[in-house]
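All remarks here apply to the structure that follows.
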Amino acid sequence: MGVLNKKSHGAELRRLPTGSFTVDAEGEVVSSTVPQWVPEATVRLIGQSVVSVLQGARKANVACSEMVAQYGSFKITAREMRGGAIIFLSPKAPQWVSPT
Amino acid sequence: MASQHKILLVDDDEQVLELYQTLLKSLPSQPEVLVSNSGARAIALLDSEPFSLLVTDLRMPKMDGLQVLAIVRRKYPNLRTIVLSSVLDAEYRSRAYALGVDMFWQKASSGEEFKLFQDCIESLLGKEVQAEGGFRGMQSKSLVDLIQLECLSQSSAVLHISQGAVSGRIWVQNGQIIDAATASFTGEEAFKEILSWKSGNFEIKPAEPDHARMITQSYQGLLLDSAQALDEWRGQQTSAETPASAEAGAPAPANSALAPLARFEGVQFLLTLPADEKAPLESWGLENAQEVAAWARATEKRLKELGDKIGAGGLAHVMGLGLQRHWALSGNEQKGSLCVGFRATLPKDKVEQTMKHIFTKWAS
């Protein structure tokens with residue numbers, strides 16, 4: 001039965017990205033500490049999404065200098081920097097807080 | 001059982017599919033078992049017919065199990081899900097649980113493990129999922145039923161009840177409710193707040209005999225009072241939802257469902273975004289409601305798509321901290337989304353905490 005625990009192909013689960021990077025006002029990555037195994041396209045996508053949210057907020061008159069997007073097991077924290085942003089990526093295990 | 005259960009089994013390994021299909025078909029409830037060798041096909045099958053249970057592998061090419069689960073959680077929040085994988089990494093286990101899976105099973109390697117797996121699936125299928133709420137672990141019963149059960153049996157226990165990010169406790173001593181507590185209230189107020197939650201999880205903990213009695217009313221009286229308060233509140237909500245007062249972007253009248261939410265500390269504005277985009281918006285304290293609504297919808301859509309692409313799990317909330325004001329945005333598939341503005345002096349953790357409470361109250 002042990003054979004069922006082995007995959008015959010190279011399908012690997014993707015880890016969540018971690019690290020930080022900065023983007024310019026167009027969402028292009030300027031500098032990054034994100035590990036190399038994270039596809040560039042993923043980093044760019046995160047950067048562009050963050051910049052788009054920050055710019056949209058400004059236009060809608062709810063401008064913010066810091067943004068936090070909390071997912072089930074991942075957190076994106078972004079701080080605006082002269083039109084661009086510095087973005088922190090933190091994979092996070094779910095936490096259960098017992099009632100006080 | 002009124003109808004036959006239908007299970008969808010997803011794995012890219014044909015041998016595994018064949019084996020587990022045979023195993024599941026032999027369950028006492030004789031479920032119908034459909035198989036899919038890819039995530040994309042599984043989603044297409046789920047779109048085309050209703051299933052009782054999804055059993056999926058994690059490591060699959062193109063669309064992996066976590067991506068499948070992320071989509072399933074968003075599109076079919078009531079579908080029971082099980083991960084069946086050979087991946088042992090705790091990170092993936094955590095991520096799967098963050099996506100709301102009911103169980104995480106390592107692929108069986110002995111006859112005993114196969115038997116255990118079958119027993120668990122059979123037990124899971126035996127529990128009907130109620131679309132209209134109910135408490136996990138006792139889904140055909142309401143919280144009132146549960147409390148009555150504890151009181152009638154003269155039990156002593158502490159009920160821990162949680163709904164999303166908020167939780168509460170009810171102390172039962174010798175069949176009487178002696179106290180309740182939530183993050184915002186204690187005593188009768190807390191009891192009423194807990195009773196307004198439609199669904200959630202509960203846990204029965206050992207009694208705390210030394211806990212001081214703060215509620216003196218009988219449990220029957222308490223339940224009656226709470227039911228009355230809930231009815232009145234629902235009545236107000238219904239009248240606030242009539243077309244005359246639900247004009248797009250119109251400020252909420254005093255009896256609006258939003259008015260009680262505005263009483264939370266630091267709230268500057270409130271904006272509801274119904275799940276049906278054509279339904280009217282409701283706002284409180286906001287001048288450019290349409291503009292903010294368009295941005296909030298676009299933000300949520302973009303960040304949800306991003307979460308799906310990277311397999312980050314469901315979007316819990318988005319928060320912005322500004323010099324003029326802070327804001328937070330949170331939503332669920334059934335009710336829609338809620339955007340709340342806070343005064344800029346409110347600390348970040350307070351914004352997060354208050355948003356959780358406001359959202360829970362609104363979604364209830």
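Each chain gets a letter, A, B and so on, in the order its sequence line appears, and its residues count up from 1. Computed from a predicted model, the values in this text were never measured in an experiment.
For B:Leu58, the parts lying under 4.5 angstrom from a heavy atom of chain A are both the backbone and the side chain. Heavy atoms of B:Gln67 lying under 4.5 Å from chain A belong exclusively to its side chain. Heavy-atom distances place both the backbone and the side chain of A:Ser49 under 4.5 Å from chain B. With a threshold of 4.5 angstrom between heavy atoms, A:Gln55 does not approach chain B through any atom at all. Looking at A:Lys59, the atoms closer than 4.5 Å to chain B (heavy atoms on both sides) all sit in the backbone: N, CA, C or O. Residue A:Ala69 touches chain B through both its backbone and its side chain, counting heavy-atom pairs closer than 4.5 Å. For A:Ile46, the parts lying under 4.5 angstrom from a heavy atom of chain B are both the backbone and the side chain.
Using modelled atom types and a 3.5 Å distance limit, the side chains of B:Thr81 and B:Arg73 yield a donor-acceptor pair. Side-chain atoms of A:Glu80 and A:Ser65 include no donor-acceptor pair closer than 3.5 Å.
Checked against the 6.0 Å centroid criterion, the rings of B:Phe342 and B:Phe269 do not qualify as a close aromatic pair.
With a 4.5 Å cut-off on side-chain heavy atoms, B:Tyr97 and B:Tyr92 do not count as touching.
If you take CD1 on A:Ile87 and OG on A:Ser20, they are separated by 9.5 Å, rounding to the nearest 0.5 Å.
The residue among B:Leu329, B:Leu323, B:Leu315, B:Leu99 with the most heavy atom pairs within less than 4.5 Å of chain A is B:Leu315. Among B:Leu66, B:Leu303, B:Asn288, the residue making the largest number of heavy-atom pairs under 4.5 Å with chain A is B:Leu303. Chosen from B:His317, B:Lys62, B:Glu113, the residue pairing most often with chain A at heavy-atom distances under 4.5 Å is B:His317. Note: B:Gly314 leads B:Gly314, B:Gly341, B:Ala70 in heavy-atom pairs under 4.5 Å with chain A.
Ring orientation note: the planes of B:His211 and B:Trp171 are close to parallel, at an angle under 30° on the 30°/60° scale.
Other residues, nucleotides and ligands place more than 12 heavy atoms under 6.0 Å from the CD atom of B:Glu91. For B:Lys309, the NZ atom is loosely surrounded, since the number of other residues' heavy atoms within 6.0 Å does not exceed 12.
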